[in-house]
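Here is the structure we will look at.
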Amino acid sequence: KDLEEETGLHTGWIQNGGLFIASNKQRLDEYKRLMSLGKVYGIESHVLSPAETKDLYPLMNVNDLYGTLYVPKDGTMDPAGTCTTLARAATARGATVIENCPVTGVKVREDDLGVRRVKAVETPHGTIETPCVVNCAGVWATKLGEMAGVKVPLIAMHHAYVVTERIEGIQNMPNVRDHDASVYLRLQGDALSVGGYEQNPVFWDEVSRGRQCLISLPSACLIWTGMFLCNTLREQ
């Protein structure tokens with residue numbers, strides 16, 4: 001919200017809320033603990049009964065549910081819109097955006113305590129001296145981490161999802177996650193994107209190279225590839 005107000009651009013953020021399904025008592029107890037933990041961090045959430053869940057999401061069959069955890073400020077983000085808005089905001093604050101600029105290496109040094117520190121980022125266009133690098137390369141983050149001698153615990157896997165046809169009444173409904181079934185339903189306009197994860201996933205040993213961009217700031221370098229900027233950069 002602050003980013004949209006600052007830039008005047010639509011970030012693609014849709015705050016439609018999130019609904020976590022509890023199909024057994026153990027999962028419901030876990031959600032009650034998460035609700036209590038969320039209060040400590042200022043995250044609003046509510047544990048709903050099956051009847052309350054039905055009122056919130058009329059299209060859902062709640063006959064086999066123990067309850068749900070509802071997070072009203074959850075939502076969906078458009079990667080392209082967010083990427084454009086972040087770049088615009090960074091430029092307005094003095095950053096330089098360099099497109100099609102792959103990182104070929106990260107120079108590190110050891111300080112007086114023997115701790116490895118970033119010294120510079122190497123590119124085909126020259127070397128950028130910087131004490132800080134923010135790794136926003138998404139699925140390629142592991143490769144970038146290796147350049148600095150850092151192991152990033154991330155691996156790419158095949159993922160299948162389907163997009164439904166238009167569903168009447170689905171507009172503004174919360175995104176739904178079922179952790180026991182490893183399935184999610186994400187709002188996509190007036191349709192749903194439905195996906196799931198298998199217990200024996202197929203991993204990608206080698207991921208094709210994406211388009212790289214680099215943002216040079218006075219005190220840091222932000223590196224991202226493709227359209228994986230959205231979640232990673234917001235968390236930094």
Side-chain angles (χ1 to χ4, degrees), residues 1-18 71 73-106 118 121-126 128 130-148 150 152-161 163 172 174-175 177 184-195 204 206-236:
K1 290 182 177 180
D2 294 340
L3 185 61
E4 187 167 332
E5 293 174 359
E6 177 183 339
T7 62
L9 297 176
H10 181 49
T11 60
W13 169 250
I14 301 174
Q15 187 174 305
N16 58 315
V71 185
K73 293 185 178 180
D74 198 356
T76 304
M77 184 175 289
D78 169 47
T82 305
C83 181
T84 301
T85 308
L86 283 169
R88 177 73 63 85
T91 302
R93 295 192 177 192
T96 301
V97 179
I98 309 171
E99 298 187 54
N100 298 314
C101 180
V103 173
T104 56
V106 178
V118 171
V121 172
E122 298 175 322
T123 79
H125 303 285
I128 301 174
T130 176
C132 178
V133 168
V134 181
N135 187 345
C136 302
V139 73
W140 295 273
T142 301
K143 295 293 184 183
L144 184 60
E146 290 174 353
M147 295 181 184
V150 176
V152 179
L154 181 70
I155 188 169
M157 69 176 69
H158 290 269
H159 177 63
Y161 67 93
V163 179
N172 299 320
N175 300 316
R177 299 176 181 87
Y184 67 85
L185 291 81
R186 182 170 62 86
L187 190 67
Q188 189 161 325
D190 54 3
L192 284 177
S193 173
V194 183
W204 278 357
E206 189 68 29
V207 182
S208 59
R209 180 177 298 178
R211 181 186 180 194
Q212 273 195 349
C213 295
L214 185 145
I215 297 181
S216 179
L217 303 172
S219 59
C221 276
L222 280 65
I223 304 163
W224 82 82
T225 309
M227 284 300 187
F228 289 84
L229 171 68
C230 56
N231 294 327
T232 312
L233 191 52
R234 284 183 63 87
E235 292 169 1
Q236 298 297 332

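Note that this is a predicted model, so its numbers are computed, not measured.
Here the CZ-CZ distance, from Arg88 to Arg93, works out to 14.5 Å after rounding to the nearest 0.5 Å. Atom OG1 of Thr76 sits about 7.0 Å away from atom CH2 of Trp13, to the nearest 0.5 Å. Between the CG atom of Leu192 and the CG atom of Leu187 there is a distance of 6.5 Å, given to the nearest 0.5 Å. Atom OG1 of residue Thr96 and atom CD1 of residue Ile128 lie 8.5 Å apart, to the nearest 0.5 angstrom.
Here Thr85 pairs with Leu3, Thr7, Leu9, Thr11 under the side-chain contact (heavy atoms from CB on, under 4.5 Å) rule; sequence neighbours left out. Scanning for side chain to side chain donor-acceptor pair (under 3.5 Å) contacts around Asn172 gives an empty result, with sequence neighbours left out. Checked against salt bridge (charged side-chain N to carboxylate O under 4.0 Å, His left out), Arg177 has the following partners two or more places apart in sequence or in another chain: Asp74. Applying the side-chain contact (heavy atoms from CB on, under 4.5 Å) criterion to Pro153, with sequence neighbours excluded, gives no partner residue. Residues forming a salt bridge (charged side-chain N to carboxylate O under 4.0 Å, His left out) with Glu122 (at least two apart in sequence, or on another chain): Lys107. Residues forming a side-chain contact (heavy atoms from CB on, under 4.5 Å) with His125 (at least two apart in sequence, or on another chain): Cys101, Thr123. Ile155 pairs by the side-chain contact (heavy atoms from CB on, under 4.5 Å) definition with Phe203, not counting sequence neighbours.
In this structure a side-chain-to-backbone donor-acceptor pair under 3.5 Å is present from Thr142 to Leu154.
The shortest heavy-atom contact between Ser193 and Tyr161 is OG-CD1, 3.5 Å. Contact between Pro124 and Thr104 at its shortest, heavy atoms only, is CD-CG2, 4.0 Å. Taking each heavy atom of Ala141 and Val152 in turn, the nearest pair found is O-CG2, 3.6 Å. Nearest heavy atoms, Val139 versus Ala156: CG2-CB, 3.2 Å.
Legend: salt bridge (Lys or Arg N to Asp or Glu O under 4.0 Å) pairs involving residues 8-17, not counting sequence neighbours: none detected.
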